[in-house]
Amino acid sequence: METEGLAPMADGAQIRWTAWTALGDTTRTPPVVMLHGGPGLPDYLGDVAPMIADLAPVYRYDQRGTGGSPWQGRHTFARHVDDLADLLDQWGADKAVLIGHSYGTDLAARFCLAHPDRVAAMLLMCGPFVGDWRTGDQAERSRRMSAAQQERLRILEQLSDRTEEQEVELLVLAWFTDHADPQRGWDWAAQGARQRRPVNWAMNSELGKEGRADPLDEHLDELRTCLPARVELLGGVHDPRPLSALESLALRLEVPLRRIDDAGHEPWLEQPDTVREHLRSFVQGTVGP
């Protein structure tokens with residue numbers, strides 16, 4: 001059963017949230033909270049939540065400034081961490097199992113640093129990436145694109161004002177290389193480019209700058225000391241972002257890394273059964289059968 005609502009924040013913002021529950025039962029604890037990536041995209045984890053919704057209540061939300069959570073203002077990690085804490089309060093959850101994807105893994109990690117007592121377990125899917133991972137990422141994306149595609153993407157990125165179709169074209173070119181299968185990846189990117197809109201580019205820029213100024217890399221020793229008992233990393237072997245960056249993170253944090261073969265940055269699309277099995281095993285190990 002799916003329910004949704006609007007949660008008021010202390011500064012007047014409203015956060016749109018959605019809950020998947022078995023027969024509407026939201027009393028089972030701890031709940032699972034899914035944190036989508038971007039930053040600047042609305043929530044897109046609607047295909048993932050039902051994989052575990054019979055095991056525990058599963059909450060998703062559009063981060064402020066995206067989707068059904070419109071807002072104007074400066075974005076900071078601290079503000080987004082506070083939003084998650086406020087949401088847990090309003091959902092009546094002392095703590096939660098956090099499942100983050102892409103940028104959502106960075107948000108989950110920073111939330112754990114600020115509120116370790118509120119994290120029952122944490123599954124970090126396709127992130128966070130540490131070290132000089134961007135060099136390898138760009139090289140692999142270039143390898144997966146034709147010269148014409150690379151040039152077209154460069155032109156679109158430089159436009160100060162893009163039409164709707166140009167925005168869609170840019171996102172397709174930027175996202176199709178995320179997947180192991182290039183043809184199916186193109187189709188998934190085209191679908192996402194029309195559904196995950198609009199992109200909050202200001203949010204993307206502001207959080208990107210803060211991440212470069214205060215990288216998570218510099219907080220890993222502290223993070224390791226405050227992790228909950230159950231933490232796992234999960235990564236697609238064919239994600240253009242180098243798997244070696246996740247391997248390095250797993251060593252630093254002393255946590256296991258689960259590798260998904262024949263999958264890229266959104267492994268539930270290419271290997272849904274394998275991802276479902278991993279997610280269910282992880283959640284069952286935390287909340288029980």
Determine the minimum heavy-atom distance between [X] and [Y], stating which atoms define it.
X      : Y      : answer
Met51  : Pro272 : CE-O, 3.9 Å
Val119 : Cys112 : CG2-CA, 4.0 Å
Ala120 : Lys95  : CB-CD, 3.8 Å
Arg144 : Thr177 : NH1-O, 2.7 Å
Gly235 : Leu257 : N-CD1, 4.1 Å
Arg197 : Leu171 : CD-CD1, 3.6 Å

Exercise. Would you sort out whether Arg16 and Asp43 count as a side-chain contact (heavy atoms from CB on, under 4.5 Å), showing the intermediate values?
Key: CA-CA 10 Å; Arg16 175 188 173 274; Asp43 171 67; 5.7 Å; no

Quiz item: Ion pair present between Glu222 and Arg252, side-chain N to carboxylate O less than 4.0 angstrom?
Solution: no

Self-check item: Note: Asp239-Arg259 ion pair, threshold 4.0 Å (strictly below)
Solution: no

Where the side chain of [X] meets the backbone of [Y], is there a donor-acceptor pair that is under 3.5 Å apart?
X      : Y      : answer
Gln166 : Thr163 : yes
Ser281 : His278 : no
Glu206 : His75  : yes
Gln149 : Ser146 : yes
Arg230 : Phe282 : yes
Gln63  : His36  : yes
Gln271 : Asp262 : yes
Asp86  : Met9   : no
Asn200 : Gly65  : yes
Glu210 : Phe77  : yes

Looking at [atom1] of [X] and [atom2] of [Y], how far apart are the two atoms once the value is rounded to the nearest 0.5 Å?
X      : Y      : atom1 : atom2 : result
Glu151 : Met145 : CD    : CE    : 10.5 Å
Ile99  : Arg60  : CD1   : CZ    : 12.5 Å
Asn204 : Leu41  : CG    : CG    : 8.0 Å
Leu234 : Leu246 : CG    : CG    : 9.0 Å
Glu270 : Arg184 : CD    : CZ    : 6.0 Å
Leu84  : Arg110 : CG    : CZ    : 14.0 Å

Exercise. Mind running side-chain hydrogen bond (donor to acceptor under 3.5 Å, both in side chains) on Arg241 and His265 for me, showing each step along the way?
Key: CA-CA 8 Å; Arg241 302 155 188 78; His265 193 59; 3.3 Å; yes

Quiz item: Counting heavy atoms not belonging to Gln72, are there more than 12 under 6.0 Å from its CD?
Solution: no

Quiz item: Do other residues, nucleotides or ligands put more than 12 heavy atoms under 6.0 Å from Glu277 CD?
Solution: no

Self-check item: Pair Gln284-Ile52, side-chain contact (heavy atoms from CB on, under 4.5 Å): steps then yes or no
Solution: CA-CA 9 Å; Gln284 285 175 325; Ile52 54 173; over 6 Å; no

Quiz prompt | Arg134 and Gln138 side chains, donor-acceptor separation under 3.5 Å | solution = no

Under 4.5 Å between any side-chain heavy atoms of [X] and [Y], yes or no?
X      : Y      : value
Pro256 : Leu233 : no
Asp181 : His179 : no
Arg280 : Asp54  : yes
Thr105 : Cys126 : no
Asp178 : Pro240 : yes
Trp20  : Tyr59  : no
Val97  : Pro31  : no
Ile15  : Asp83  : yes

Practice problem: For the pair Arg154 and Gln150, evaluate side-chain hydrogen bond (donor to acceptor under 3.5 Å, both in side chains) and give the outcome as yes or no after the intermediate values. | Solution: CA-CA 6 Å; Arg154 185 189 66 80; Gln150 294 178 52; over 6 Å; no

Practice problem: Check Asp82, Asp106, Val81 against Phe111 for a side-chain contact (heavy atoms from CB on, under 4.5 Å) and give me the one that passes. | Solution: Val81

Quiz item: Is Arg162 positioned over the aromatic face of Trp201, cation under 6.0 angstrom from the ring centre and no more than 45 degrees off axis?
Solution: yes

Quiz item: Please walk me through it: do Tyr44 and His101 pass ring-ring contact (aromatic ring centres under 6.0 Å, His included)?
Solution: CA-CA 10 Å; Tyr44 50 77; His101 174 251; 5.7 Å; yes

Check the hydrophobic clustering (I, L, V, M, F, W, Y; side-chain heavy atoms under 4.5 Å; chains of links allowed) and say if [X] and [Y] are grouped together.
X      : Y      : answer
Trp71  : Leu107 : no
Val237 : Leu124 : yes
Leu159 : Leu153 : yes

Practice problem: Start with the C-alpha distance between Arg64 and Asp11, add both sets of side-chain angles, then the distance that settles salt bridge (Lys or Arg N to Asp or Glu O under 4.0 Å), and finish with yes or no. | Solution: CA-CA 11 Å; Arg64 67 164 64 213; Asp11 64 353; 2.8 Å; yes

Exercise. Walk me through it: do Val283 and Val32 pass the test side-chain contact (heavy atoms from CB on, under 4.5 Å)?
Key: CA-CA 8 Å; Val283 173; Val32 174; 4.2 Å; yes

Exercise. For Phe176 and Trp186, run ring-ring contact (aromatic ring centres under 6.0 Å, His included): C-alpha distance rounded to whole Å, both residues' side-chain angles, the deciding distance at 0.1 Å, then the answer.
Key: CA-CA 5 Å; Phe176 87 94; Trp186 188 272; 5.0 Å; yes

Self-check item: Leu269 vs Glu266, side-chain contact (heavy atoms from CB on, under 4.5 Å): CA-CA, chis, key distance, verdict
Solution: CA-CA 6 Å; Leu269 293 176; Glu266 298 178 20; 3.1 Å; yes

